[in-house]
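Atoms within a ligand are numbered from 1 in the order they appear, just like the ligands themselves. Remember, it's a predicted structure, so these values are computed and weren't measured experimentally.
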Amino acid sequence: MMHWDYWRLITIVSISGFVGLLFDQMLLFMFLATFVYAMWLQSIWNRLYEWLKEPKKYDSPSVDGVIDDICREIDRVGKQNRSRKKRLRGYLKQFQAATAALPDAVVVMDDFGKVEWANKAAQLLLGIRWPQDSHVRVNNLIRDPQFHKLLHAPVSKDSIAVVASPIRAEQQLEVKIVNYMGKGRMLIARDMTQTIKLQQMRRDFVANVSHELRTPLTVLHGYLEMFTAESSAEQWGGALPVMQQQTQRMDAMIKDLLVLSQLEMGEKPLEHKPINVGDLLRSIVKDAEQLQHYQQHKIKLELESDKLLLADSDELRSAVSNLVFNAVKYTPAESTVTIRWMVSDKNGCIVVNDNGHGIAEHHLDRLTERFYRVDSGRSQEAGGTGLGLAIVKHILQRHDAELRISSEVGEGSQFSCCFPLLHVLDS
Ligand code: ADP
C-alpha cells in the first residue's frame with residue numbers, strides 16, 4: 001500500500017506541474033512547490049524533535065503519514081518504559097522495605113570497602129548510618145582488629161568472625177562477608193548475644209551436673225574401695241547409712257533434673273482446674289510437719305480470701321511445697337512460718353514467710369538459678385539439690401505467674417507466688 005507521504009508529494013508535484021504548464025513554467029513551479037514542501041517537512045521534523053526533548057511542553061506534530069506513525073510508535077515505547085520503570089521502582093521499594101525490616105545488619109560495600117548502602121539494623125548493631133556514612137570506609141567505622149582481619153582477608157565460606165558490637169560492647173555479633181556480582185562485597189552482621197549466652201549456660205549446666213553427681217559418687221567409690229570380702233559387718237554397718245544418703249542425694253537430683261527438663265520442654269500440657277487454696281495449703285502443712293527438719297516450728301495459715309485458683313494442681317502443689325519445705329529446712333528450730341492466700345485488685349498471691357536468718361541481698365537475684373545455693377553445706381545437709389527454686393520459677397512462668405523474693409538478714413524471708421486475676425475465681 002502506498003503511504004500518505006507519497007500521495008502528498010505526487011499531488012503537490014502534479015498540481016504544481018500542471019499550473020506551471022499553464023504559465024509555460026512547469027519546471028520552475030514544480031521546483032518551487034517541492035522546495036516549499038521540503039521546508040514544511042523540515043518544520044515538522046523540528047516540532048518532532050522539540051516534542052521528543054520536552055514531551056510535557058510540546059504536542060506531537062499530528063500530520064498523517066510516516067511522521068504520525070513515528071510519533072505513535074515513540075508514544076507506545078515511552079508508555080511501555082514508564083510502566084516498566086514503575087514496576088521496577090515498586091520492586092526496589094519492596095526490596096528496600098524488606099531489607100530494612102531485616103533484624104540482621106546488611107552493608108553493601110564497593111571494592112574499596114566503602115559504604116554504598118546500609119539497612120536500619122546496621123545502625124542499631126554496627127552504628128553505620130545510611131546515607132550519612134555513605135562512601136566512608138567500613139574499617140574507619142568499625143575498629144575491631146578481628147573485624148579488620150576479616151575485611152582484608154580474601155572472601156571465603158569461612159569469612160565469619162564473632163566481634164563485640166562497636167556501639168554496645170556487651171553485644172556479640174557474628175559478622176560475615178559475602179561476595180556478590182563480581183567485585184561487590186556485602187557485610188552481614190547478626191546479634192548472637194542470646195545464642196552465646198545460651199551456649200554458655202548449657203556448658204555451665206553440664207559442668208554443674210557433673211560436679212553435683214561426682215561428689216556423692218566419690219563418697220560411694222571411697223567406701224567401696226575400702227571394703228573387701230573380709231570386711232566385718234560392723235564396718236559395713238557404719239558405712240551403709242552414708243552410702244544410702246549419697247544414693248538418695250543422687251536420686252533426688254536426677255528426679256529434680258527430670259522435672260526441670262520436662263517443665264522446660266513444656267511437653268506435659270497444663271491441666272488448669274479451680275483449686276481450693278485453703279485445702280491445698282492445709283495438706284502441704286501436714287507434709288511439712290513430717291520433714292526431718294521440722295523441729296518445733298510453728299506453721300501459721302492465714303486465708304484472707306476464699307477465692308479459688310485456676311492452676312494445674314500437681315504443679316501448684318510442687319511449687320508451694322518447695323517454698324514451705326525450704327522455709328522449714330533453712331530456718332532454725334522453733335521458727336515461725338506463715339503461709340497466706342490473699343487476693344488484691346491486681347493479683348492473687350500465695351505468700352510464704354519465715355522469721356529465719358534471712359538471705360543477704362546479693363544472693364536474691366541468683367536464687368532461682370540452677371544449683372545456686374546460699375550455703376552449700378546447709379543445703380546438702382538438708383537434702384537440697386539446688387534445683388527447687390528453679391523448678392518453682394518454671395512452674396509459675398507456665399501459669400503466667402511470678403515469683404517475688406524479699407529477705408532481710410536476721411529478720412527472715414518472703415517468697416510470693418503471684419497469679420494474674422485471670423487465674424482467680426469466685427468460689
Ligand atoms: P535447695 O534444693 O538447695 O533447697 P533451692 O533452689 O530450693 O535449692 O534453694 C536455693 C537456696 O536458697 C538454698 O540452698 C538456700 O540456701 C536458699 N533458701 C531457699 N529458701 C530459703 C529460706 N526460706 N530461708 C533461707 N534460705 C533459703
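- Using 4.0 Å as the threshold, D354 has a heavy atom nearer than that to some atom of ligand 1.
- When F371, F325, Y330 are ranked by how near their heavy atoms come to atom 1 (P) of ligand 1, first place goes to Y330.
- Comparing heavy-atom distances from atom 8 (O) of ligand 1 across S413, G358, G412, G386 singles out G386 as nearest.
- Only one option out of H293, H297, Q295, H357 pairs with T331 in a side chain to side chain contact (heavy atoms under 4.5 Å, CB included); it is H297.
- Contact between F415 and ligand 1 is present, with at least one heavy atom of the residue lying under 4.0 Å from the ligand.
- Here the protein heavy atom with the shortest distance to atom 7 (O) of ligand 1 is N326 ND2, 2.8 Å.
- A donor-acceptor pair under 3.5 Å links the side-chain atoms of T99 to the main chain of F95, judged by distance alone.
- Sulfur-sulfur distance for C349 and C417: not below 2.5 Å, with no disulfide indicated.
- Remark: among candidates V374, I391, T331, the nearest residue to atom 16 (O) of ligand 1 is V374, based on non-hydrogen atoms.
- For atom 5 (P) of ligand 1, the nearest non-hydrogen atom of the protein is L389 N, 3.6 Å.
- The protein atom (non-hydrogen) at minimum distance from atom 3 (O) of ligand 1 is S379 OG, 2.6 Å.
- Atom OH of Y180 has more than 12 neighbouring heavy atoms from other residues, nucleotides or ligands inside a 6.0 Å radius.
- Interface of D375 with ligand 1, defined as ligand atoms under 4.0 Å from a residue heavy atom, comprises 16 (O).
- At a cut-off of 3.5 Å, with distance as the only test, no side-chain donor of R202 or Q199 sits close to an acceptor on the other residue.
- Heavy-atom minimum distance, K307 versus W341: O-NE1, 3.1 Å.
- Taking a cut-off of under 4.0 Å to the non-hydrogen atoms of L367, the atoms of ligand 1 that pass are 12 (O).
- In summary, the side chains of T193 and R168 do not present any donor paired with an acceptor at a separation below 3.5 Å, with no hydrogens or angles considered.
- Geometrically, R47 does not engage Y58 in a cation-pi contact defined by less than 6.0 Å to the ring centre and at most 45° from the axis.
- Residue Y372 touches ligand 1 through its backbone alone, judged by heavy-atom distances below 4.0 Å.
- Put simply, the side chain of D133 gets close to the backbone of R129: a donor and an acceptor are under 3.5 Å apart.
- Within the 4.0 Å heavy-atom cutoff, A327 counts among the residues contacting ligand 1.
- Residue contacts with ligand 1, taken as heavy atom pairs separated by less than 4.0 Å, involve I359 solely via side-chain atoms from C-beta onward.
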